[in-house]
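These notes are about the structure you will find just below.
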Amino acid sequence: MSKTTCVAMILAGGQGSRLGALTKKIAKPAVPFGGKYRIIDFPLSNCANSGIDKVGVLTQYRPLELHNYLGTGDAWDLDKSNGGVFILPPYARDKGADWYKGTADAIYQNLNFIDMVDPEYVLVLSGDHIYTMDYAKMLAAHRANKADATIGVFEVPWDEAPRFGIMNTDPKDGHIVEFEEKPAKPKSNLASMGIYIFNRDFLDKYLREDAADDNSSHDFGKNIIPAMLNDKARMFSYAFEGYWKDVGTIESLWQANMDLLQDEPPFSFNSAWRIYSNNPSLPPHYLGKDAKVTCSMLNEGSMIMGEVDHSVLFSGVKIGKGAKVTNSVIMPFTVVEENAVIDHAIVAQNCVIAAGAHVAGSDGAIAVVPEGETIVAEQANAGQQVS
Amino acid sequence: MGNVMGIIRLDGANSMLKELCEHRPVAALPIAGRYRILDFAVSSLVNSGIGHVGVLVSKKARPVFDHLRSGKDWDLARHRDGLAYLPNDGDNGNATPLAGLYQNIDFVMRSSAEYVFLVQADTVYNIDFRHILLFHQNTGADITMVYSKAREDLPGEAASMQIAENGKVTDIAKRMTSTKGSNDFMGIYLMRKDTLVKLVTSTFERGGSSMLVDGIIRHMDDFSIYGYEHKGFSARINSTMAYFNANKAILNPDIWNELFMSDFPIHTKTKDAAPVQYKNTAKVTNSLIGNGCEIYGEVEDSVLFRGVKVAEGVKIKDCIIMEQCQIEQYAMLRDVICDKNVVVSEDQWLKGAENYPLIIAKSTVI
C-alpha cells in the first residue's frame, strides 16, 4: 500500500444505550436519520468529500446491519483498490481475544491496521454525530500549528457547557491548556466534538502506554487526552463553525430530525458537499388525491394518502387515508393505517400502526415505537417510552 | 437463467417523440420521476436471472453510456459476462439495429447462452422473463414474441399481431396507430441463439434493414412463431401522447405498486439526492415526486423528477417536469412537459392541451 497522509478511524462500536429501543437490534451508527441516511453516512461522506480515502470503521455492538450497510463502501465512493472502507471488528489473537474495552483500546487493537496503511496522521471520529465538516481544513491547521494533536471543538451555549468535555485554551495561540470533563463551573464553552487528529507516532506511543495501564478505562477523553496534556504536548483546538449535533438520546435524535424542517435548514443535503448513502431501488414517492404534506421531508417508495406535517418520513412508508402524522419521525417501511394518529413520536422500521391507533408523545417526552412492533387501536398510547 | 442472454436495442419511434428525442434515443428518455425507459427492460432481465446483457449502441448514445456506465447499478459489473456495449461502425445508411446486430454477431455466437432475449427498450413494464422462457419451451416455438392488449386508441407506430387459439402468430401488421384491444408487439423476442444468428445473417445479407419486417413478417412461414401475452402493465413510448399518458398512468397506485414495489425492483443510476422538502405552503396531490425536490407551491396530477424547485404561488397541473427544472414564483403550468434543466420564470403561464402537451426543450429559459 502506498504512503498515506491521513487515515480516518471511525468509532462505530457503541451501543448507544441512551437511544433505548432504537438500538436494541442495531448499533447506534446504523440508526436511520434525516429521511434516507444513517448516522454513519455523515462521517463517511465527510471523509469522502475531504479526500480521505482510507477509512477504518471499528464495529462491535450488533454489527450485522452496519456491516451489511457498509458493504464494499461503494455508496461513499470508498470501494477503492488502494484504500476504501476497512471494517475492523474485534478479533482473536494467539493469546486469546478481547472486546474493545474503550475508544482508545479500539484504536490500540488496530495499530496493525494503521501500520499497514502507514499514515502520517490519524483522524479519530465518532459515528454518532450529525454535521458536515471538511477534515482537510482541520488537517491543514494541525500541520500549520506543528501540533502533536488537534481537537475539534464546538462553541456550545454556556449553560450547556457542564454537559460536555470542555477545552480551556490559551487565547494567544489557541493551544489547549486544560481539559475538563463535564465541569460544574466551566471556564470556556468550547466543547470537544470527539474529533481528533494525531501525529501517528505520537498517538502510537500514548496508546501503547495506555494499554499497559490496568487502571485506565482506555478512553480518549478520560485517559489519552489528559495524559498528553500532562506531558505538555503541543495540542491545539480547531473551532468548527456550523451545525453539529450529538444524537445520543431520543430527544436529541428527534430534535436533529426536526432541525432539518426549518425554513432555512442547518445544511443543504443537495449542495456539492453530498451526504452519500446506500440507496435501495425505490420509485419516487406518491402523494394521493387527499394527501396533505407540509413542512416535511419524504423519501422514495412512500405512499401518502393522509396528512403529514412537521415530520420526517423514510423510504417505503405508507400513510393511510385519514391518518395524521405530526412532529414525528417514521423510519423505513412502517405502515400507518387509516385514521391512525401519530404525534411527537419516533416510529422505527417495519412497524404497523393499525387503523385508528394513537401514538402520542409530547415535547420533552417523545414516544418511541421499537422496530417491528404492531400498535393496535386498543393500546391507547402504546409505545410510550420516556426518553 | 444462466443459459440466457439479453440484447437491448435503444432505438424507437424517435420522430413521433419530437423534441424529447432530439438529443437522446427513446431508451434514454426520462420517465416516472427517476428512471430512463431502458431501466425497465434491463431491470426485468437482471431480476429474471439474466446476467449477460449486450447493448446495441445507436446514435446519440451518450446519455445511455452516462446512465448505464459499468452496469453496476443493475449488478451487471461482473468478471464474467455482465454488461457489454455493442457498437455499430456502419455509416448512416447502415446504422440500423439489424446492421448493428450483424456486426456483433460474433459476440452472440461466442456466448455460452442457449437462448437470447432481443429487447427493444422503449416500453415500460416489469416482467418476469422466466415465464416467457417456460412458455417458449412448452410451445416448442422457434420464436416467441411478447405482446400486450392496447389500453387505448393512440397514434404511434405499432405492430399488431393476429394470434390463433393455440397461441400461434398468424399475421403481423405494422400500423401508424394503435387501437384499443389490439395485440401490440412489445418489442421482445425470445429465440435460440442459433435461430437468432441465422435470422440476422440471412436477413441482413439479403439487403434487409428491419428485423421485424424483413426478418419476421416476410418469412412468417419459415418459423413457428408464438405470441406470449403480458397481462400486466405495459406502455410503449412511441409518441409524445404515449409518453404523457404513461407517466400519468403511473399515478394510479395499483400500477405504481405493480411496477415498483414487487420483489422485482426497477434499478436505475443512483444520484444521492436528498429526500423531498415540502414547505409550509406546499400543496401536492395525486403526484409522483422525485428526490431532491423543494416544493413551496401547488402540484396536482403531475410527475416531478429529481431536484425540481417549485416556488411559492406556483400552480402545476397535468405536467411532467424533468430533472433540475426551476419553476419560479407564481408561474402556472398546465399540460406541459418540461425537459431537463428548464427554467420557467416568475409569473409565466404555460398551457398545452390535454391531447397535445406543450413540450419545452432541454435547458430552455422561459
Side-chain angles (χ1 to χ4, degrees), chain A residues 33-37 41 45 48 72 74-77 79 257 260-265 267-271 274-305 308-318 333, chain B residues 31-35 39 43 46-47 72-75 77 126 250-253 255-257 259-261 264-296 299-309 324:
Chain A
F33 176 82
K36 80 177 279 192
Y37 308 96
D41 286 330
S45 300
T72 60
D74 66 313
W76 305 268
D77 258 347
D79 54 336
N257 275 287
L260 303 174
L261 305 177
Q262 295 164 1
D263 276 348
E264 290 299 323
F267 49 81
S268 167
F269 285 114
N270 288 320
S271 67
R274 265 297 140 100
I275 303 301
Y276 300 101
S277 67
N278 219 327
N279 292 287
S281 290
L282 289 169
H285 61 254
Y286 172 74
L287 266 55
K289 291 193 167 67
D290 304 312
K292 201 176 156 208
V293 179
T294 44
C295 299
S296 294
M297 271 172 88
L298 266 64
N299 195 14
E300 288 160 344
S302 290
M303 180 170 278
I304 313 299
M305 300 302 186
V308 178
D309 181 49
H310 278 96
S311 295
V312 174
L313 272 56
F314 286 75
S315 56
V317 170
K318 287 199 162 60
F333 294 99
Chain B
I31 195 159
R34 139 162 237 239
Y35 304 94
D39 290 339
S43 300
V46 169
N47 290 333
K72 189 161 136 186
D73 291 317
W74 294 262
D75 263 344
N126 191 349
I250 299 169
L251 296 177
N252 176 335
I255 292 171
W256 183 87
N257 270 317
L259 285 177
F260 301 117
M261 302 306 278
F264 269 31
I266 303 298
H267 305 285
T268 189
K269 180 183 175 182
T270 57
K271 292 195 176 164
D272 294 290
V276 179
Q277 292 182 46
Y278 291 92
K279 302 296 185 175
N280 55 343
T281 46
K283 202 177 154 197
V284 180
T285 50
N286 193 37
S287 295
L288 212 56
I289 312 290
N291 265 4
C293 288
E294 256 182 64
I295 301 179
Y296 290 86
V299 180
E300 192 184 348
D301 305 329
S302 296
V303 175
L304 269 54
F305 285 70
R306 291 185 273 207
V308 172
K309 294 201 166 45
Q324 307 297 340

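Below, read A as the first sequence line, B as the second, and so on, with proteins coming before strands; counting in each chain starts at 1. Only a predicted model underlies this, so the values are computations on that prediction, with no experimental measurement involved.
Salt bridge status for D79(A) with K72(B): present, with a side-chain N to carboxylate O gap under 4.0 Å. Between K36(A) and E300(A), none of the side-chain N atoms (NZ, or NE/NH1/NH2) sits under 4.0 Å from a carboxylate O, so this pair counts as no salt bridge.
Counting non-hydrogen atoms of neighbouring residues, nucleotides and ligands closer than 6.0 angstrom, the NZ atom of K279(B) exceeds 12 such neighbours.
Aromatic ring centroids of Y278(B) and H285(A) lie under 6.0 Å apart.
Chosen from L304(B), N291(B), L288(B), the residue pairing most often with chain A at heavy-atom distances under 4.5 Å is N291(B). Among the candidates V276(B), T268(B), T270(B), the residue making the largest number of heavy-atom pairs closer than 4.5 Å to chain A is V276(B). The residue among P265(B), G290(B), P253(B) with the most heavy atom pairs within less than 4.5 Å of chain A is P253(B). Taking P275(B), G307(B), G33(B) one by one and counting their heavy-atom pairs under 4.5 Å with chain A, the maximum is reached by P275(B).
Looking at I266(B), the atoms closer than 4.5 Å to chain A (heavy atoms on both sides) all sit in the backbone: N, CA, C or O. Contacts between Y35(B) and chain A at a heavy-atom distance below 4.5 Å involve the side chain alone, from C-beta outward. Using a 4.5 Å cut-off between heavy atoms, A32(B) contacts chain A through its backbone alone, with no side-chain atom that close. Contact of L251(B) with chain A is made through backbone and side chain together, with heavy-atom distances under 4.5 Å.
When all heavy atoms of L261(A) and S311(A) are compared, the closest pair comes out as CD1-N, 3.5 Å.
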Please determine whether side-chain contact (heavy atoms from CB on, under 4.5 Å) holds for the pair M303(A) and N257(B), giving the CA-CA distance in whole Å, both sets of side-chain angles, and the decisive distance to 0.1 Å. CA-CA 10 Å; M303(A) 180 170 278; N257(B) 270 317; 4.2 Å; yes
